[in-house]
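In this text, all values refer to a predicted model and were calculated from it rather than measured experimentally. Side chains included, hydrogens not; waters and symmetry mates left out as well; all remaining heavy atoms used. Order of the sequence lines fixes the chain letters, A, B, ..., with proteins taken first and strands second; residue numbering starts at 1 for each chain.
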Protein chains: 2
Amino acid sequence: MRTSIATVSLSGTLTEKLTAAARAGFDGVEIFENDLLASPLTPREIRARCADLGLTVDLYQPMRDIEAVPAELFARNLRRARHKFGLMRELGADTVLVCSSVDPEAVDDDALAAAHLRELADLAQDFGVRIAYEALAWGRHVSTYDHAWRIVEAAGHPALGTCLDSFHILSRGSDPRGIEDIPGEKIFFLQLADAPLPAMDVLQWSRHHRCFPGQGGFDVAGLVRHVLRTGYAGPLSLEVFNDVFRQAEAAPTAVDARRSLLALQEEVGTAEAKQPPAPLTPAPLTPAPLTPAPLTPAPLTPAPLTPAPLTATPAIPAPVVPTGFAFAELVTADAEPLTGLLGALGFARTARHRSKPVDLWQQGEARILVNTGAVVRRDGAQLAAVGLESPDPGGAADRAEALLAPVLPRRRAPEDAPLDAVAAPDGTELFFCGTGRDARHSDWRADFEDVGQPSAAPGVRRIDHLALTQPWHHFDEAVLFHRSVLGLDAEDSVDVADPYGLQRSRAVSNPDGTVRIALTVGAAPTDDTVHAQHIAFATDDVVAAARRFRDAGAPLLPIPANYYDDLAARYEFADGELETYRELGILYDRDEAGGSLRHCYTRTVGRVFFELLQRDGGHRGYGARNAPVRLAAQHAVRTASALVGG
Amino acid sequence: MRTSIATVSLSGTLTEKLTAAARAGFDGVEIFENDLLASPLTPREIRARCADLGLTVDLYQPMRDIEAVPAELFARNLRRARHKFGLMRELGADTVLVCSSVDPEAVDDDALAAAHLRELADLAQDFGVRIAYEALAWGRHVSTYDHAWRIVEAAGHPALGTCLDSFHILSRGSDPRGIEDIPGEKIFFLQLADAPLPAMDVLQWSRHHRCFPGQGGFDVAGLVRHVLRTGYAGPLSLEVFNDVFRQAEAAPTAVDARRSLLALQEEVGTAEAKQPPAPLTPAPLTPAPLTPAPLTPAPLTPAPLTPAPLTATPAIPAPVVPTGFAFAELVTADAEPLTGLLGALGFARTARHRSKPVDLWQQGEARILVNTGAVVRRDGAQLAAVGLESPDPGGAADRAEALLAPVLPRRRAPEDAPLDAVAAPDGTELFFCGTGRDARHSDWRADFEDVGQPSAAPGVRRIDHLALTQPWHHFDEAVLFHRSVLGLDAEDSVDVADPYGLQRSRAVSNPDGTVRIALTVGAAPTDDTVHAQHIAFATDDVVAAARRFRDAGAPLLPIPANYYDDLAARYEFADGELETYRELGILYDRDEAGGSLRHCYTRTVGRVFFELLQRDGGHRGYGARNAPVRLAAQHAVRTASALVGG
């Protein structure tokens, strides 16, 4: 199906919006009237610009407060409409959205509404324009799609049809099955938006009003299926009013938007690939950290990502769900603070890259690459890349590419083994790996030569999860990316109180929990308290692991005594158990099924810290209940350091 | 009455919160459990800290999910409660908040709830603790205050009372008159919060959940009156969960909070002043721009303002509403770009400060001070001070002081006439003036010597309004400040679409419209598109004024042609009228009564631009409908300048 996006869904000037929509591969746009009014381009120039970009103008919108008003007012409305129809002819738009009236002078009279819309459609027909009448959820007298359709049906004019909008339908709780009673040829337009379900989650409401399909709680796919059964042949168009998108850069938002429609089409079974226009100004891809590039990408302010031009794949390749973490790569100018922590955790340096200053530190199946070749700020140690074990690395990359993930060069250097890699919305590079397998080109270990053996002592077994702070404007995009591109499942989002603002966190994981990533976001774009990334290591004995770490001379994050007094009030512990936790700074959580989580934290180096974590009884959480205490403790350490340092 | 604030209402560590509450003059605090858990201070140390600060611990909160549960679970709850009661004894808190249960295991059985609460109260009594039982608006079975009271009454225990919370009561739409049926001595606590009324205004919801009384739409004063009639003698306490306050600095938020309670007490007639503890670390007041100070305050990141210690005034002095603008003062390192604009607008330099590099530019009753003595960034021309004509400058300053406005030194320099001045939340200095009057010390003109005459030509008559961008975290505080301190009326807030994010604007004005200030705020703390401040000048003939300006060689902001095509669709104009507007870049708006507004804009210098504005037929608006077009045009000019410059 053709895809379209309303200009109001994107940030910037009209020109910026059109360019972003075209580069993301949309077929057309809805032109939002206010965007046109504010543009220095004439309607004819806008039409030409759209044509140059390969975009059709699928809708002009909105016209408001037209119908069921006193005669004199309706005459003025017709006069206004005549102007707009003339403008639409110049613009090359043949369909206009008419919203059900919110005018206080409008009367509750369906026959009058139908008569007015018929007269409007008569006028529109003279200009070659079609009217798509839509029920606003807050329309004064017409607020449901079936009511709007009854009026359209009563008017009985060939230039008059209805516009369906998933937000207006689903936010009212209307039953979308009734859509199938409308003849498809009378559905002139379909606007899609999702929205979070209004829970007592205010932070969620605060970021969103509507969002792209798959980012909220509506069954948008179900609604689309009903529409398709009517024979509707118009475009799938996104109309999303969202305060965050208004602020974000248009280009990545447009890619996010189109990815949401691709995933939606996959879900409803109408996926088909299209060749988007070539990028207008081919932006360089972000440099790969393994190559000593002049500058590592700063994940919190990602460079605008050029969407990968779609190859002519007939459909989106099926998801290839990752089966584990192959490695996590940290970049730093000074390896010692990081490797000191890793050594104290029981990691050993086991291999070295054949041509670059990259070391592999390993313990059990946990592998950390420490890269000192990339240029970062002195205090900027950060996680730059993640290796994901994949049953089919090439297939995973093909799917990512079809879903508009920026594809990275297969080889970081000529002598390197070719690896499939894409960039996540926060700039993190994701490598699809077949570690140790004789796969076609996915064994990253081939680039490394062994220099040591991992410790035989029991300790860290593997990476349990990663926690990655996302750019403020791209949190929902990140969740949709991990769900659609990687095929991970998303859990509900959780609010966590930091002393200086609420954070929000949403975990994505594979079914057996061997890949887990907690995506987090701060309360505001300026929130610099949440830049931290961390790697949680799974252990079978967190107490022993914590003791070993401490005995190696490395301090664990100190946890306030009040926290342990609260644990004592909350749970019963075996003799001495709580004292051990208190002594070591181990946090504790228990789920409703009795599963327990015990975890503790190292200090932070640059943006990175480590967690030791023991899960028992099938506990699948991340210790969200403990996060406020952990965050406050990290602030306290930082403040103390600043005082000592200053 | 005693005033208190919940620590959850403020940002930071527990210590930061306590200090801020004390410095703002609160008598006590509610300790939020999570703040205690995250604190490195023991309960005893917290108690001592509070005592040092002159704060009582009025409430420990919350205990959740206690009552009406299966016996085994209730036993565990009692065990938990015993721990907490012990803790409260150490903390010196004698009242604990128990929220109605949201536990899925809780049953709908008022008798069981009463029995459990009675048992809990028995235990509490042993520790000298009182239980204040509160209905959460989303409680599983108990969600209204009268229901909670019925259970408390049925339990009939001296250590059990109810807690009333204005948010839970008013958000449910409960009738607060029923409060008067509760004996005052059984109302153990009163928590106050306001909230915006949930309209289709998502930006508003996005900034707030609850807010301080007077900042939202609830009739909090009405509710308090009902509570006082019961004989309630406990504190008025603010419990406000607000995502913005969580991020903002605690000290100014605490001042804002206490100001809201002072204004509330004035409204309900229980105002009484109290002597707050002396500021702990007396912060220097912001430097006065007229003095060539080392650095002007940057209004967008205001320095933490020390609350003025309250003198022992018996009550808050009555409002002294300003009657006009005496002057606006701009500071700049390079006067020429500003004075060039002022000259082209028809202003003349009419006076010069006797001792400082400050010029008075005047036209009609519009007076602009241009100060080149303060140090600002080269491109940082900005509005630093406003003179407000006042019928009683001293009284206005006394009221401001009683309402915790930071009072500025009366004389900027030893030879200056003494003037009453306070700082607004954005750092703007407000001078209460009696221009030309022989008032006790309010004629700022006495410091100036005449150097010229204002132009006799008709043109600008006076300052119509100021538009001032507020610091993101302090927008609601600014509105409450202007309402309570200055006695201005606030209009509804309006959302305005900037190309890169929504702005919000709320106008405050005096009854005859001779003082109008549009307070605006951007979509996010990082939004640098909205730092602009502007001064709108009233004229009787905007077309002539615009022509004169243009003929003086100064460009007006160019407005896109599409805007005028839309005007043509919307309204009928006299022959040539629209063409004139189009030629000059004049924007047009008409209100429902037929009143019209015509206005145009100069280019921006530093952060400042000017508007020429003609009101006819009693139009009272600010052209919010035109603001998106103006904002886009300003972006276009900026982008073009950047391209030329680069």
Structural part of A:Y571 lying under 4.5 Å from a heavy atom of chain B
backbone
With respect to chain B, which residue among A:S39, A:A561, A:P40 yields the maximal number of heavy-atom pairs within a distance under 4.5 Å?
A:S39
Answer with yes or no whether the side chains of A:R638 and A:Q634 bring together a donor and an acceptor at under 3.5 Å.
no
Assert top hit (heavy-atom pairs under 4.5 Å, partner chain B, pool A:G86, A:A569, A:A633, A:P499) equals A:A569
Winner by heavy-atom pair count (cut-off under 4.5 Å) against chain B, out of A:R79, A:R80, A:R82:
A:R79
Could you check whether any side-chain N or O of B:S143 sits under 3.5 Å from a backbone N or O of B:G139, counting only pairs where one atom can act as donor and the other as acceptor?
no
Side chain, backbone, both or neither: which part of A:N77 has a heavy atom under 4.5 Å from chain B?
neither
In terms of side-chain geometry, is the basic nitrogen of B:R140 or B:D103 positioned less than 4.0 Å from the acidic oxygen of its partner?
no
The interface call for B:A568 against chain A, heavy-atom contacts under 4.5 Å, is both
Looking just at side-chain N and O atoms, do A:D566 and B:H83 make a donor-acceptor pair shorter than 3.5 Å?
no
Comparing A:G12, A:A38, A:S11 against chain B, the one with the most heavy-atom pairs below 4.5 Å turns out to be A:G12
A:P558 versus chain B, heavy atoms under 4.5 Å apart: side chain, backbone, both or neither?
neither
Is the NZ or CZ atom of A:R504 positioned over A:F475's six-membered ring, under 6.0 angstrom from the centre and within 45° of the axis?
no
Quick check: A:F573 with A:Y588 (ring centres under 6.0 Å apart)?
yes
